[in-house]
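In what follows, chains carry the letters A, B, and so on, assigned in the order in which the sequence lines appear, proteins first and then strands, with residues in each chain numbered from 1. Quick note: numbers below take in every heavy atom, side chains included, and nothing from hydrogens, waters or symmetry partners.
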Amino acid sequence: MPPAVTLASAATAGGFLLVLAIILPAAGVLLALAFGRHAERIALLLMPAGFAIAIAILADVWHSQASLVAVMGGWAPPLGIALRADGLSAMMLVTTALVICAVGLFARGDFGMPAGGGEARAPLVFWTMLMGVWSALNAIWLGRDLFNLYVALELLTFSAVPLVCLDGRAETLAAALRYLLFALVGSVLYLLGVALFYGAYGTLDIGLLAGRVRAEPVVWVSAALMTAGLLAKTALFPLHLWLPPAHAGAPAAASAVLSALVVKGSFFLAVRLWFDVLPGLPGVPAAQALGTLGAAAIIFGSVLALRQERLKLLIAYSTIAQIGYLFLLFPLSTGAAAAGIWGSVAWTGGVYQLVSHAIAKAAMFMAAGLIGEALGHDRIAGLGGIGRALPMTIFAFGLGGMSLMGLPPSGGFVAKLMLLTASVTEGQWWWAVVILLGGLLAAAYVFRVLAPALAGADEPLRLCARVSRRREAVVLALAVGALLLGLLPLRPSELLQIGRPAAPTAIMR
Amino acid sequence: MSAETLYGLCAAALVGLGLFGSIVDPQPLRKILAFNLLGGGVFLLFGVIARRGAAAGMAADPVPQAMVITGIVVAFSATALAVTLLLRLFETTGQATLRTGAPARPDPDSDRAGS
Amino acid sequence: MRQVLDIFTVAAVSAGALFFLVGTVGLLRFPDPLTRLHALTKADNLGLGLVVLGLLPQAEGFLAGVKLVAVWLLAQLAGATVTQLVARAVRRGGPPA
Amino acid sequence: MSTGFALDAGLVLDAGLAALVLAVAVGAIVAGTAFAAVVGFVTYGLLLALVWVRLAAVDVALTEAAIGSGVTGAVLIAAAARLRPAEARSAAERPGVPLRLAAAVLSALVAAGLAMLVLLPSAPAPSLGPAAAVHLPELAIGNPVTAVLLAYRAIDTLLEKIVLLLALLGVWSLAPDRFWGGAPGQPHAAQQDGALALLARLLPPVGIVVGVYILWVGAVAPGGAFQGGAILAAMWILVMIAGLRDAPATGGRRVRLLLVVGPAVFLAVGLAGFVVADGFLAYPASYAKPLIIAIEVVLTLSIAVILGLLASGPPGRERQR
């Protein structure tokens with residue numbers, strides 16, 4: 001073969017794993033559409049394989065202590081597109097695989113194909129969209145090309161929106177439509193920024209761009225547009241209005257995916273934009289603004305969560321608050337802080353929050369789903385005595401809640417501790433106040449659920465449906481995972497440093 | 001002023017117009033339409049960038065042009081999905097509106113959890 | 001010879017443009033949908049026809065000429081159909097707003 | 001005639017076109033009824049297609065005219081007609097003055113920022129054109145846009161096919177359960193003698209030839225799978241609207257296979273690249289052109305079916321078995 005066609009030089013040996021991580025679920029989408037009645041089986045068969053691929057990538061990155069790279073079709077950037085797995089990507093791949101597999105096991109009860117062997121609407125849509133979400137997220141974790149990431153972002157939107165209104169009720173239809181409109185405007189703003197970057201620097205490859213960007217108007221405008229678009233998709237306050245009805249109205253298994261993973265996709269791109277594309281640009285005012293919005297989200301989301309009467313809405317509002325924490329990593333690890341060790345700690349804390357919230361929130365939404373199934377409603381006032389009926393589920397909910405509050409030894413504890421320490425050490429103490437206040441409010445809303453649930457009922461509890469022990473066990477296992485995350489904090493933070501852009505140096509004048 | 005600059009300014013105005021319409025218009029259908037207008041402006045900007053990148057005997061840089069083709073197809077899919085959602089909402093409730101801002105009102109009649 | 005053809009082109013295209021102008025004025029000035037359709041078809045038929053006719057001598061080769069004629073024919077087909085549909089809709093219940 | 005005059009005439013044309021596009025766009029935003037707004041939008045799309053020709057992007061012009069204006073316009077017009085009873089009520093919910101003002105300021109800022117960037121271009125404008133041109137002979141492809149879509153950035157195109165399929169499934173997912181697998185829409189009253197039916201009989205033979213030609217020519221000149229597929233889809237939609245042919249059942253085996261065959265073949269060729277070339281979506285040197293054309297043929301088929309079904313809406317009838 002003439003070498004001219006193939007420019008693959010930067011690709012690493014494990015590169016095919018990166019391709020498979022995206023392509024395997026995508027192939028699942030095609031298979032599920034072609035052989036509709038086997039959709040569930042196809043999805044469940046692909047899950048162990050997808051999980052194994054994620055683990056293999058993690059192991060490869062860990063052992064080689066370097067990023068994995070794949071160059072699509074041998075066409076090196078800037079003409080072609082590359083995929084790259086650094087420590088952060090590997091961690092997100094494994095988190096995603098974990099949550100998706102747990103949701104898959106959980107959803108077998110809700111979305112089994114009918115016994116007659118025919119194809120039914122809700123199961124086919126659910127399993128296919130779940131594969132779509134997985135493929136899109138993996139493409140986002142691995143993407144190195146801003147336009148390729150736009151396509152992945154759209155893939156994510158199109159798989160997520162139908163999950164919101166699977167039951168076809170009017171409220172969920174309206175919620176899905178509002179979600180879609182927010183998401184569409186968000187991605188078109190992102191695309192606008194992509195166009196500007198291409199027009200100024202002639203490449204969309206993150207690595208190449210990082211070497212070419214200068215502090216000039218085009219960079220500010222496109223970074224602002226892209227960030228605004230991504231915030232709308234992440235539901236950061238004050239662009240959060242679409243989230244609670246959408247996440248609370250979806251079926252529990254879908255809520256878990258939406259709240260745990262889908263909103264993280266666009267957040268992750270914001271992190272990539274500011275830390276990988278624009279490292280070292282003095283974005284201090286922008287970072288402080290993002291931090292302020294995050295702080296507002298923590299307070300506002302928590303207070304609203306406290307005032308909800310429905311369990312699923314409470315959990316959805318808590319997602320808004322927990323998203324707020326993620327944005328604290330911007331003020332704490334850019335600018336002057338970036339160079340020091342504490343900037344790095346804050347960054348790690350933010351990523352930790354990403355992972356631990358994903359796992360904890362998935363467990364809590366699924367727990368809420370089981371509670372709703374058993375009681376036939378999800379009014380918080382009517383939870384009395386459920387703790388005795390579904391002890392495993394309530395325990396799992398409580399464990400997830402510990403992570404939200406930031407109690408040791410949960411993953412949330414480690415994340416919030418890192419953010420807290422960084423903010424105190426860097427002299428940005430005001431964020432520490434917000435973190436502590438958010439923890440207290442989280443404790444309040446979690447106990448608002450646990451208190452009636454653990455108290456005895458006035459009258460004997462009548463359950464509408466039996467809840468399978470297997471599904472309870474899945475939820476509990478995931479919640480325990482969120483807890484255990486706090487016990488192994490050191491190694492992952494080393495992992496996260498692999499392939500991280502070098503601490504910003506003076507690109508700037 | 002060159003043709004590219006002219007169309008670039010046109011694209012900027014279209015983006016502003018589309019953004020305004022998609023925020024302000026109360027009718028979902030017209031929000032969708034404004035989103036398409038906004039998309040048209042963004043694509044046009046790509047086209048201007050492509051034309052400015054004319055080189056190597058090509059009248060324009062083919063890479064942004066290809067991106068626009070991908071983008072137009074994605075925008076159409078989005079429109080089809082959004083319109084179908086809207087029509088379904090209309091069939092179900094008899095109205096086509098999103099009461100933005102109103103937090104979901106707990107409905108005493110429906111005891112169904114969302115699961 | 002070349003000059004004669006050029007003059008023919010200018011004359012025919014100008015005449016076509018005139019029909020477009022007249023058709024547009026009619027579209028704007030006529031009182032009801034049916035008469036407006038009438039004005040519009042003139043622009044479509046004669047206007048486009050004359051423009052195509054005028055451009056024929058300028059076409060590069062036989063195939064390009066065929067394409068031009070095909071454009072005119074397709075526009076005719078579409079125009080006739082749409083006119084029919086609009087007229088029928090008008091007879092059924094008036095125009096949309 | 002001097003070239004200077006020709007350039008100026010071109011610029012006058014461009015200025016007029018840009019002004020017209022803007023005017024129509026303003027009209028579509030401020031129009032009194034949704035129907036008028038949609039008509040404005042379709043006009044906007046067609047004018048934009050002309051702009052694309054002026055920007056030396058004939059491929060995009062074809063796509064914009066067929067999909068951006070044509071099929072999108074059909075979907076929007078149908079929706080505007082259906083939603084007319086609800087229009088007055090939802091139009092009354094205008095947001096308050098502060099929000100409108102804030103939105104206006106924000107939009108104006110964005111537009112002004114973009115305009116500023118347009119006016120200060122970086123010189124020289126960066127371009128991947130030369131890089132794209134260098135490899136065209138190896139691929140034996142003459143149209144650089146096709147080379148970008150199916151070779152250099154093939155992964156985008158592949159993922160975007162999955163986006164289309166998921167959008168279609170999303171549309172279907174909105175059907176009531178009892179209609180699952182059935183055909184979209186209401187059965188058409190077969191009024192096969194109307195003018196529309198005549199058009200639907202006369203046009204498709206021409207349209208199909210044009211669609212196939214555009215697909216075929218895509219390797220060397222403007223055209224390709226999207227554009228060809230969109231034209232084929234338009235012909236199919238016309239036949240369905242005219243009531244000559246009913247939309248197929250969405251659960252039918254053949255429909256499902258047609259939907260996925262394009263992306264599936266694309267994916268399979270991509271994976272084969274691991275074995276026969278060096279990596280995903282790499283083509284063996286001397287087989288690049290036949291492989292790309294093969295992929296385009298099946299993609300055209302799938303795109304036509306997906307677009308046609310996307311425009312037809314969710315299943316609306318029970319499935320006959």
Side chain, backbone, both or neither: which part of [X] has an atom under 4.5 Å from a heavy atom of chain B?
X        : answer
A:Phe365 : neither
A:Leu204 : side chain
A:Leu180 : side chain
A:Cys464 : neither

side-chain contact (heavy atoms from CB on, under 4.5 Å) evaluation trace for A:Asn148 with A:Met72: CA-CA 11 Å; A:Asn148 186 242; A:Met72 298 294 95; over 6 Å; no
Between A:Phe182 and A:Tyr179, ring centroids under 6.0 Å: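 No.
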Parallel, tilted or perpendicular, as decided by the 30° and 60° cut-offs, for the rings of B:Phe46 and A:Phe147: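 Taking B:Phe46 first and then A:Phe147, their aromatic rings stand perpendicular (interplane angle over 60°).
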Proximal component of [X], with respect to chain A [non-hydrogen, under 4.5 Å]:
X       : result
B:Ile23 : neither
B:Ser77 : both
B:Leu45 : side chain

Among A:Leu192, A:Val185, A:Leu181, A:Leu311, residue most engaged with chain B (heavy-atom pairs, under 4.5 Å):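 Most pairs with chain B among the choices: A:Leu192.
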Heavy-atom pairs under 4.5 Å with chain B, option from A:Leu189, A:Leu184, A:Val194, A:Val188 with the top count: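 Ranked by contacts with chain B, first place is A:Leu184.
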Donor-acceptor contact below 3.5 Å, side chain A:Glu154 vs main chain A:Tyr150: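 Checked: no pair found.
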Backbone of B:Ala59 reached by a side-chain donor or acceptor of B:Arg51 within 3.5 Å: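 Side chain of B:Arg51 to backbone of B:Ala59, a donor-acceptor pair under 3.5 Å: yes, one is there.
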Selection from B:Thr93, B:Val48, B:Val63 maximising heavy-atom pairs under 4.5 Å formed with chain A: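 Of the options given, most contacts go to B:Val63.
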Between B:Ala75, B:Ala34, B:Pro64, the one whose heavy-atom pairs under 4.5 Å with chain A are most numerous: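 Sorted descending by pairs with chain A, the first entry is B:Pro64.
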Close approach to chain A in residues 5-18 of chain B, criterion heavy atom under 4.5 Å: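 When heavy atoms of chain A are the reference, residues 5-18 of chain B contributes B:Val15 within the under-4.5 Å range.
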Taking all heavy atoms of [X] and all of [Y], pick out the closest pair and write down the distance.
X        : Y        : result
A:Leu177 : B:Pro28  : CD2-CB, 4.1 Å
A:Ala253 : A:Phe106 : CB-CD2, 4.0 Å
A:Ser222 : A:Leu196 : CB-CB, 3.7 Å
A:Leu258 : A:Val164 : CD1-CG2, 3.7 Å

Partner of B:Ile32 by side chain to side chain contact (heavy atoms under 4.5 Å, CB included), out of B:Thr79, B:Leu85, B:Asp25: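 For B:Ile32, the side chain to side chain contact (heavy atoms under 4.5 Å, CB included) check succeeds only for B:Thr79.
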Separation between OH of A:Tyr317 and CG of A:Leu313, rounded to the nearest 0.5 Å: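 CG of A:Leu313 is found 6.5 Å from OH of A:Tyr317.
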